[in-house]
Asks: 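Shown below is the structure under consideration.
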Amino acid sequence: MTRPRVLFISHDATRTGAPIVLLNLVRWLKENSDLDMHILLKRGGALAADFAEVAPTSGWFPNNAELSLPARFMANLAVEVGGAHDAKKRSPIQRAVRGGLHREVVRRRRARFDGGQGFDLVYANSAGSAELLPHIGAGGPIIAHVHELEYQLRHDAGRDGLRQLLRLPSRYIAAADRVKSTLVGLGVPDDRIDVCREFLDTQAAQPGADAIERAREDLGIPAGTFIVGGSGTIDWRKGTDLFLLVAAAFRRRGAHRRARFLWVGGQPAGVQRAQVQFDIDQLGLSECVTVLPAQANPLDKFGLMDVFLLSSRSDPYPLVCLETAALGKPQVSFDNGGISEFIEDDCGFVVPYLDVEAAADRLVELHDNPELRQRLGRRAAAKVRERHDISVEAPRLLEVVERTLREGAARPAD
């Protein structure tokens, strides 16, 4: 019997939530299914080699050697003229170069995926991969695994990506109930959506006590210091600025409370990092706020934290909340997305949207009441094991894949 050929598409291979979830899923599927898996990365990243260890992996953007001579010239020219990410800031020559390269990439990649390499199913992980769907030679149905809320879908996925996301898939997987509600609001029928929340391997997500202590020593944090953690890229959506405002509000509630606010993630330099440092200096927080760049393995830093603060303006169901909760860390979050479905009333607090003072009050409560902190943390860790371990969610995702394959096989040919 022929094994089903399934193409998994990731918008990139960075150490961020959606690619990490996909990597964990394909690793599990390799051991627990008979799928003939192939992986396509729209962009690269630190996890590209890890994907390649699991299954044959291609990059959407070709190497220079694969390009035609005119395209190589344009690629070299693109380096010379720069590559502004904001389309409004690009010069006419930049737009022309990027347009020419895009057409060349589409032509090359479409030839590869249409050239007799039809797939029985395509699994598009995140809305950012949806714009590739028209160029893939799929002989079967498409599943879109959506990890985004409306803001990201409308502003980050791009107009074409959102159009393809709503037009082509036959089935959707939503990372939270709020994500499902968002899709329904955009016109996706309710009965075409399965909710499968984010997950992790809870056994692998446990740093050793020695690693945690070394991290404390490296950061120069005295034992007994109350540590509030935050994590993510440094940007508007993740609310790094709000994290700092909560730190300032917490400090106003009593200088006697020794605390360190530790943010893990983002670039070590650049405009956004400089802006964060400017705010730290202006708020007088240099002695109590530490900002670290993205870590290859952040678990030892997560292990240092007493509480995790999700300061995002919009976040569907962030994996970092599950990673820190698995380590027994209670959660404090603005009402900003799906994580309230996890926190509920037994492993932390959800405060009104962008209510910095309310967030600071809850942190003070957790600082002053170690027994409450430990009780909420224990429940958080238990809930991750019960609901979000890979052994729980990965089989549900496989069931969606197998059901969609059966439905596609049963559908009469056009």
Side-chain angles (χ1 to χ4, degrees), residues 1-11 18-19 21-42 51 54-57 113-114 117-148 153 157 161-177 179-184 186-199 316-317 390-414:
M1 184 174 179
T2 304
R3 297 166 60 199
R5 301 186 75 244
V6 179
L7 177 68
F8 292 86
I9 309 176
S10 181
H11 70 281
V21 167
L22 179 62
L23 178 60
N24 288 335
L25 174 62
V26 294
R27 281 172 169 166
W28 186 90
L29 290 172
K30 184 176 182 179
E31 301 297 325
N32 295 278
S33 78
D34 65 346
L35 301 179
D36 178 11
M37 297 188 296
H38 300 256
I39 297 167
L40 174 62
L41 304 177
K42 181 181 172 184
F51 278 109
V54 178
T57 300
F113 286 102
D114 280 346
Q117 294 199 44
F119 295 94
D120 298 301
L121 183 142
V122 172
Y123 188 110
N125 187 60
S126 82
S129 61
E131 67 174 311
L132 303 190
L133 293 177
H135 311 300
I136 303 302
I142 295 172
I143 293 175
H145 191 160
V146 183
H147 305 263
E148 297 89 352
L153 291 176
L162 179 58
R163 183 170 62 253
Q164 306 303 347
L165 178 71
L166 300 177
R167 184 176 71 89
L168 294 176
S170 54
R171 190 113 212 119
Y172 295 82
I173 296 170
D177 289 333
V179 175
K180 179 176 180 177
S181 298
T182 297
L183 290 171
V184 170
L186 292 170
V188 178
D190 180 276
D191 61 1
R192 289 170 57 193
I193 307 171
D194 293 279
V195 177
C196 298
R197 294 178 175 86
E198 311 291 36
F199 60 88
Y317 211 98
I390 191 169
S391 64
V392 176
E393 284 297 315
R396 296 185 65 231
L397 288 164
L398 176 58
E399 189 278 326
V400 175
V401 168
E402 292 177 333
R403 172 163 34 100
T404 308
L405 281 166
R406 290 194 300 272
E407 292 170 351
R411 186 178 298 114
D414 295 334

Asks: Just by modelled atom types, is the Gly128 backbone N or O under 3.5 Å from a matching donor or acceptor in the Lys42 side chain?
Replies: yes

Asks: Please assess Leu397 against Trp28 for the test side-chain contact (heavy atoms from CB on, under 4.5 Å), listing each intermediate value before the final yes or no.
Replies: CA-CA 11 Å; Leu397 288 164; Trp28 186 90; over 6 Å; no

Asks: Does Arg27 pair with Glu31 as a salt bridge, N-O distance under 4.0 Å?
Replies: no

Asks: How long is the gap from CD1 on Ile173 to CD1 on Ile193, to the nearest 0.5 Å?
Replies: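 Atom-to-atom, Ile173:CD1 and Ile193:CD1 are 11.5 Å apart.
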
Asks: Just how far is it from atom CG of Leu165 to atom CG of Leu183, taken to the nearest 0.5 Å?
Replies: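 Leu165 CG to Leu183 CG: 6.5 Å, rounded to 0.5 Å.
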
Asks: What is the minimum heavy-atom distance between Ser170 and Pro141, and which atoms define it?
Replies: OG-CB, 3.2 Å

Asks: Determine the minimum heavy-atom distance between Ala130 and Pro134, stating which atoms define it.
Replies: O-CD, 3.9 Å

Asks: Return the minimal non-hydrogen interatomic distance between Leu132 and Ile9, and the atom names on each side.
Replies: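 Looks like CD1-CG2, 4.0 Å.
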
Asks: So, does Glu148 use its side chain to make a donor-acceptor pair with the main chain of Ala127 at under 3.5 Å?
Replies: yes

Asks: Would you give the length of the straight line joining atom CG of Leu23 to atom CD1 of Ile39, rounded to the nearest 0.5 angstrom?
Replies: 7.5 Å

Asks: May I ask you to say whether Lys180 pairs ionically with Asp194, meaning some side-chain N is under 4.0 Å from a carboxylate O?
Replies: no

Asks: Considering the options Asn24, Leu35, Val6, which one meets the side-chain contact (heavy atoms from CB on, under 4.5 Å) requirement together with Leu29?
Replies: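 Going through Asn24, Leu35, Val6 one by one, the side-chain contact (heavy atoms from CB on, under 4.5 Å) with Leu29 is satisfied by Leu35 alone.
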
Asks: Are the side chain of Asn125 and the backbone of Ala18 linked by a donor-acceptor contact shorter than 3.5 Å?
Replies: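 It does hold such a pair.
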
Asks: Can you name the nearest heavy-atom pair linking Pro169 to Ala144, along with the distance?
Replies: CG-CB, 3.7 Å

Asks: Which distance, rounded to the nearest 0.5 Å, do you find between the CZ of Arg171 and the CD of Glu407?
Replies: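 Reported value, rounded in 0.5 Å steps: 6.0 Å.
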
Asks: So how far is it from Thr404 OG1 to Ile143 CD1, rounded to the nearest 0.5 Å?
Replies: 3.5 Å

Asks: Taking the side chain from Thr57 and the backbone from Ala55, do they hold a donor-acceptor pair closer than 3.5 Å?
Replies: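 Yes.
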
Asks: Check Ile390 against Pro395 and note the closest heavy-atom contact, atom names and distance.
Replies: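 Of all heavy-atom pairs spanning Ile390 and Pro395, the closest is O-CD, 3.4 Å.
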
Asks: Is it true that Arg3 and Asp34 have a side-chain N and a carboxylate O under 4.0 angstrom from each other?
Replies: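 Between Asp34 and Arg3 there is no salt bridge, as every charged N stays at least 4.0 Å from the carboxylate O atoms.
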
Asks: Should Glu393 and Arg396 count as an ion pair when the cut-off is N to O under 4.0 Å?
Replies: yes

Asks: A side-chain contact here means heavy atoms from C-beta on lying under 4.5 Å apart; do Tyr317 and Val179 qualify?
Replies: no

Asks: At what distance, to the nearest 0.5 angstrom, does OH of Tyr172 lie from CG of Leu166?
Replies: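 Interatomic distance, Tyr172 OH to Leu166 CG, rounded to 0.5 Å: 5.5 Å.
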
Asks: Check each of Phe8, Phe51, Phe119 against His38 using the ring pair (Phe, Tyr, Trp, His ring centres under 6.0 Å) test, and report the only one that passes.
Replies: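 With His38 as partner, ring pair (Phe, Tyr, Trp, His ring centres under 6.0 Å) holds for just one option, Phe119.
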
Asks: Ignoring hydrogens, what is the shortest heavy-atom contact between Gln164 and Glu131? Give both atom names and the distance.
Replies: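 Shortest heavy-atom contact: CG-CA, 4.4 Å.
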
Asks: Could you go through Leu153 and Val146, starting from their C-alpha distance and side-chain angles, then the distance that decides it, and tell me whether this counts as side-chain contact (heavy atoms from CB on, under 4.5 Å)?
Replies: CA-CA 9 Å; Leu153 291 176; Val146 183; 4.2 Å; yes

